[in-house]
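FYI, side chains are in, hydrogens and waters are out, and symmetry mates aren't considered; it's all heavy atoms of this structure.
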Protein chains: 2
Amino acid sequence: MATTTSTTTPRERYRAQIRAEIKQHAWEQIATAGASALSLNAIAKQMGMSGPALYRYYLNRDELITELIRDAYRSLADAIRAASGPGTDLGVLAHALRRWALDDPQRYFLIYGTPIPGYHAPDDTTAIADEIMTALLDACPPALPDAPASPLEAHLEEHRAWAADHPAPAATLRRALSFWTRLHGVLSLELAGHFTGMEFDAALLFAAELDDLLADAGGPPGPR
Amino acid sequence: MATTTSTTTPRERYRAQIRAEIKQHAWEQIATAGASALSLNAIAKQMGMSGPALYRYYLNRDELITELIRDAYRSLADAIRAASGPGTDLGVLAHALRRWALDDPQRYFLIYGTPIPGYHAPDDTTAIADEIMTALLDACPPALPDAPASPLEAHLEEHRAWAADHPAPAATLRRALSFWTRLHGVLSLELAGHFTGMEFDAALLFAAELDDLLADAGGPPGPR
DNA sequence: TAGCTTTCGTGATAGCTTCTAACTGGAACA
DNA sequence: TGTTCCAGTTAGAAGCTATCACGAAAGCTA
């Protein structure tokens, strides 16, 4: 039996484990009380040690939250990539997104929720966001060549730096943006509970919006 | 010159003025640092009095925030109503919504941002939400009678308690929901800064989404 | 006008938070 | 077997929410 000889020192392994344990408790707190209620002190007590001990592992509360945001982004990108493939369409991606969001709403809001005015997301999250956008563009069906370019598409033709390394035409960029904003619109309101008073099934609204997005690709009229 | 004889006592008037002043400082704090950073202590100091004094005017921090949420809802409803009228279409409403949102992003997020798991919005906000939804339904163009009913519309036909006092058909309800979720999707991501990296103009995306919503009403194909 | 009552603002205090500083004990390493 | 490094401790500063008891001021009423 080959015990995997790691290149890390015992101290490093211990450190990594404690850091992971801290994050796990942090996620539990966030899921039940939201990110604003996250308390380093409470985490320390749950782990059976005194408050200041955690500062050996995270510089401060912000650094921990930043890492949680990074992990959330990473997790979303993984979920999207797991659903992506050579023949995937937007529908598969959409349902992967929805399942990921419903799986832990507060994790979703950590990325797409209320921004803190002063706070800036770490740089590597933009790389992950790019990765997600690329998967999205890949899944977009090829645009119809005969459709007239809208003002937005003309604008995107000249402002496509965010998709510079993707060959998709402006019509596809616009489709990807609509996919993103429309599904986020439904998901965000659903997760925030804005539909609770009304008795309809948010899943059907999500599906209908998705249908519209897919229908606009093929030939038929699309609206209803 | 008739000095308006008010029915309120001096004490009540003073109280109302201080409460308003507190709220004003609260809005400033929220605009610059977000709602989670709102500090009663800091407000008291800004007003030149000691911390506990504020508890004469608001039971606690939550009650102040609740009132701010109520005011935000009220303000949104007023903005929508001001834009509404006998002949208004969805476009006018959409731009009123967008202007209101851009005017104070944190106020928008106070309503539509990350929900606090434990917190429940006050009951009267649902009444205001209904008012907004009614204005929205009123502005929706009459649905085409020949369009086939989608699964969502069939579902809405049976779950329309939230629009019980409005004669609009299911197709219109679906249109209103799409209007809400799509525009919120664009606005929310724009205000949260998720478009900042990409260089395109969010206003054009908003306009394009609005065009799609309006086009689906009239006859022509709609997509592009 | 005089006195009573209500209410406003204060300082003190408890308990929570983040975060720093100094110290101790033990594990890893040479 | 030392020596070094680091984890975790307690103490403490500064901030927060929130409660309490007190004094003072303002309004209401006789």
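In this structure, the OH atom of A/Tyr55 is 15 Å from the P atom of D/dG8, given to the nearest Å. The nearest whole Å value for the distance from the CD1 atom in B/Ile43 to the P atom in D/dA18 is 12 Å. C/dT17 atom P lies 11 Å from atom CG of A/Leu38, rounded to whole Å. Put simply, CD on A/Glu63 is 14 Å from C1' on C/dT18, counting in whole angstrom units. B/Leu40 places its CG atom 18 Å from the P atom of C/dT17, with the value rounded to the nearest Å. Rounded to a whole Å, the OH atom of A/Tyr14 is 14 Å from the P atom of C/dG26. At whole-Å resolution of the value, OH in B/Tyr58 and P in D/dT19 are 17 Å apart. Taking atom CD on B/Gln29 and atom C1' on D/dT17, their separation rounds to 14 Å, with Å as the unit.
The 5' end of DNA chain C is approached more closely, in terms of each residue's nearest nucleotide, by A/Ala42 than by the other of A/Ala42 and A/Leu59.
Between the side chains of A/Arg174 and A/Ser178, at least one donor N or O lies within less than 3.5 Å of an accepting N or O. If you check the side chains of B/Thr134 and B/His166, you find no donor sitting under 3.5 Å from an acceptor. No hydrogens or angles considered: a donor-acceptor pair under 3.5 Å links the side chains of B/Tyr119 and B/Thr66. Of the N and O atoms on the side chains of B/Gln46 and B/His25, at least one donor lies less than 3.5 Å from an acceptor on the other residue.
Note on A/Arg61: only backbone sugar-phosphate atoms sit closer than 4.0 angstrom, heavy atoms only; bases stay farther off. Within the 4.0 angstrom heavy-atom criterion, base atoms lie near B/Arg56. Residue-level contact check: A/Asn60 touches the backbone only, with heavy atoms under 4.0 Å from sugar-phosphate atoms and none from bases. Backbone-only engagement by B/Tyr57 is indicated by non-hydrogen atom pairs under 4.0 Å involving sugar-phosphate atoms exclusively. Using a 4.0 Å heavy-atom cutoff across all strands shown, A/Ser50 reaches at least one base atom of the nucleic acid.
Applying the 3.5 Å distance criterion, the base of D/dA26 shares a donor-acceptor pair with the side chain of B/Arg11.
Considering only side-chain N and O atoms, A/Ser39 lies under 4.0 angstrom from the phosphate OP1 or OP2 of C/dT18. Residue A/Asn41 places none of its side-chain N or O atoms closer than 4.0 Å to OP1 or OP2 of C/dC16.
Both the sub-6.0 Å distance and the 45° axial angle are satisfied by A/Arg19 relative to the ring of A/Tyr58.
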